[in-house]
Amino acid sequence: MKRLLATGLLLLLATAVAAGTLARTRHSESPVWMPAGVPVARYHFDGAALNDRSGLVDSSGKNHTLTPVLGHGATLRRVAHGTGQAVRFPPRCRRSPCPRLVLRAPSTPFLNPGNRAFRYGATVRLAPNRTSKGQNVLQKGFSTEGSQYKLQIDGRSGHPSCVLVAGPAIHLAIARVTVADGRWHTLECRRDRTTLTVLIDNAVQGSTTVPATLTITNDRPLSIGGKSAFGNNDQFHGDLDDVWISLYG
């Protein structure tokens with residue numbers, strides 16, 4: 001009887017992991033809940049060396065390889081994170097032109113969720129003295145050009161938020177707590193049928209209602225760490241790891 005019970009528990013655990021309910025990244029300091037569904041982009045940023053670009057390959061199998069876009073003397077840097085590596089983006093600077101770094105992948109139909117439910121997120125570390133009026137962690141599209149989805153860290157207080165845009169309406173779910181404390185945090189945005197939710201370390205921290213018909217389709221690239229390599233690009237100023245996007249429903 002004990003052997004049968006133990007076998008049953010192992011089967012339940014294996015089923016939960018396969019469904020994504022107990023998944024863990026290889027080197028994050030906290031568990032990352034990964035939704036069941038279709039992964040369309042995933043980046044671990046691990047390479048053979050700290051300056052090796054092989055870690056920018058999309059491990060989802062959808063071939064959304066990232067290309068660094070550099071400006072004003074920026075370089076692609078990596079730092080240790082657990083047993084792997086993370087990307088370090090340029091720090092704040094007081095005198096323009098400042099170093100700029102964005103990682104980009106060309107647009108594909110996989111990266112356009114339409115009106116389907118989808119989720120996206122990243123693991124970040126941001127120091128209290130590196131906040132700014134707005135830092136883009138992940139985005140596709142622009143709020144002034146049709147449609148967009150975005151994960152950002154807002155204001156000097158460093159509160160993450162999730163953004164969905166289709167037409168003139170901007171839907172924003174702002175987290176109640178800051179992540180600008182110098183520690184690693186997992187961030188996630190969930191678009192269900194009529195709700196946009198922001199999570200920090202797997203806990204819901206804010207939500208807003210969105211129309212069921214809201215559709216996100218654009219030909220803009222997937223951009224990580226900012227909008228561009230030019231001025232006023234909403235540059236992210238922290239460390240970044242385990243970026244992912246998944247469709248479901």
Side-chain angles (χ1 to χ4, degrees), residues 16-46 55-56 58-60 66 78-89 103 113 117-128 130-131 134-140 149-155 157-164 172-192 195-208 222-226 236-248:
V17 171
T21 57
L22 295 176
R24 181 186 295 265
T25 60
R26 291 176 295 122
H27 49 261
S28 293
E29 294 181 3
S30 59
V32 178
W33 188 90
M34 287 297 297
V38 180
V40 297
R42 186 72 193 263
Y43 306 101
H44 293 298
F45 303 119
D46 295 333
L56 304 181
D58 175 15
S59 63
S60 77
L66 296 171
R78 282 187 237 185
V79 295
H81 179 202
T83 59
Q85 298 166 19
V87 174
R88 173 159 290 176
F89 286 83
L103 307 177
F118 74 113
R119 300 176 183 177
Y120 54 100
T123 302
V124 303
R125 180 171 62 181
L126 184 65
R130 290 198 174 188
T131 59
Q135 301 186 31
N136 293 352
V137 177
L138 177 159
Q139 74 178 81
K140 189 176 189 297
Y149 58 87
K150 179 167 66 170
L151 168 60
Q152 61 188 6
I153 298 178
D154 288 333
S157 57
H159 288 238
S161 62
C162 302
V163 182
L164 294 182
L172 185 67
I174 304 176
R176 293 181 285 267
V177 299
T178 182
V179 293
D181 56 9
R183 296 183 295 175
W184 286 102
H185 295 280
T186 60
L187 309 182
E188 180 182 342
C189 298
R190 296 183 184 177
R191 188 263 168 100
D192 295 315
T195 306
L196 175 63
T197 305
V198 56
L199 299 90
I200 300 176
D201 299 327
N202 305 316
V204 173
Q205 295 293 346
S207 64
T208 190
L222 172 67
S223 294
I224 295 172
F236 179 59
H237 296 301
D239 300 332
L240 182 66
D241 204 357
D242 296 321
V243 176
W244 58 273
I245 303 169
S246 183
L247 298 175
Y248 73 108

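These figures come from a predicted structure and were not determined experimentally.
- The side-chain hydrogen bond (donor to acceptor under 3.5 Å, both in side chains) with D239 is formed by just one residue from the set R88, Q85, H81; it is R88.
- In this structure, T123 and H185 have side chains that are not in contact, with every pair of non-hydrogen atoms separated by 4.5 Å or more.
- A heavy-atom distance below 4.5 Å is not found between the side chains of I224 and F236.
- To the nearest 0.5 angstrom, F118 atom CZ is 13.0 Å from R190 atom CZ.
- Considering CG of D181 and CZ of R125, their distance stands at 11.0 Å, rounded to 0.5 Å.
- Between V38 and Y248, the closest side-chain pair of non-hydrogen atoms is not below 4.5 Å.
- Of the possible donor and acceptor atoms, one in the side chain of R176 sits under 3.5 Å from a partner among the backbone N and O of V204.
- Side chains of Y43 and L103 form no contact here, defined as non-hydrogen atoms less than 4.5 Å apart.
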Is there a side-chain contact (heavy atoms from CB on, under 4.5 Å) between W244 and R119? Walk through the geometry before answering.
CA-CA 8 Å; W244 58 273; R119 300 176 183 177; 3.7 Å; yes
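- By the side chain to side chain contact (heavy atoms under 4.5 Å, CB included) test, S157 is found to be paired with H159, residues two or more places apart in sequence or in another chain being considered.
- In plain terms, the two heavy atoms of P128 and G182 that are nearest each other are CD-N, 4.0 Å.
- Closest approach of S246 and P39 over heavy atoms only: OG-N, 3.9 Å.
- Taken to the nearest 0.5 Å, the CG atom of L151 stands 6.5 Å off from the CG atom of L138.
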I'd like to know whether F45 forms a side-chain contact (heavy atoms from CB on, under 4.5 Å) with L66, so could you lay out the CA-CA distance, the side-chain angles of the two residues, the decisive distance to 0.1 Å, and finally the verdict.
CA-CA 10 Å; F45 303 119; L66 296 171; 3.9 Å; yes
Go through the steps to decide whether L172 and I174 satisfy the test side-chain contact (heavy atoms from CB on, under 4.5 Å), and finish with yes or no.
CA-CA 6 Å; L172 185 67; I174 304 176; 3.5 Å; yes
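- By the 6.0 Å and 45° rule, R191 does not stack over the aromatic ring of Y149.
- Side-chain contact check for V137 versus K150: every heavy-atom pair is 4.5 Å or farther apart.
- Within the 4.5 Å cutoff, side-chain heavy atoms of Y120 are placed close to those of C162.
- In terms of heavy atoms, A180 sits closest to A127 at CB-O, 4.1 Å.
- Closest of all the heavy-atom pairs between T178 and G158 is OG1-O, 3.1 Å.
- Residue L199 forms a side chain to side chain contact (heavy atoms under 4.5 Å, CB included) with just one option from N202, D201, T197, and that option is T197.
- Side-chain contact between D242 and H44 is present, with heavy atoms from C-beta onward closer than 4.5 Å.
- Residues passing the side chain to side chain contact (heavy atoms under 4.5 Å, CB included) test with A175, sequence neighbours excluded: P160, V198, I200, Q205.
- When side chains are defined from C-beta on, I153 does not count as touching N136, because their heavy atoms never get closer than 4.5 Å.
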side-chain contact (heavy atoms from CB on, under 4.5 Å) assessment of D154 paired with T131:
CA-CA 8 Å; D154 288 333; T131 59; over 6 Å; no
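- Residues Q139 and S223 bring no donor and acceptor atom of their side chains to less than 3.5 Å of each other.
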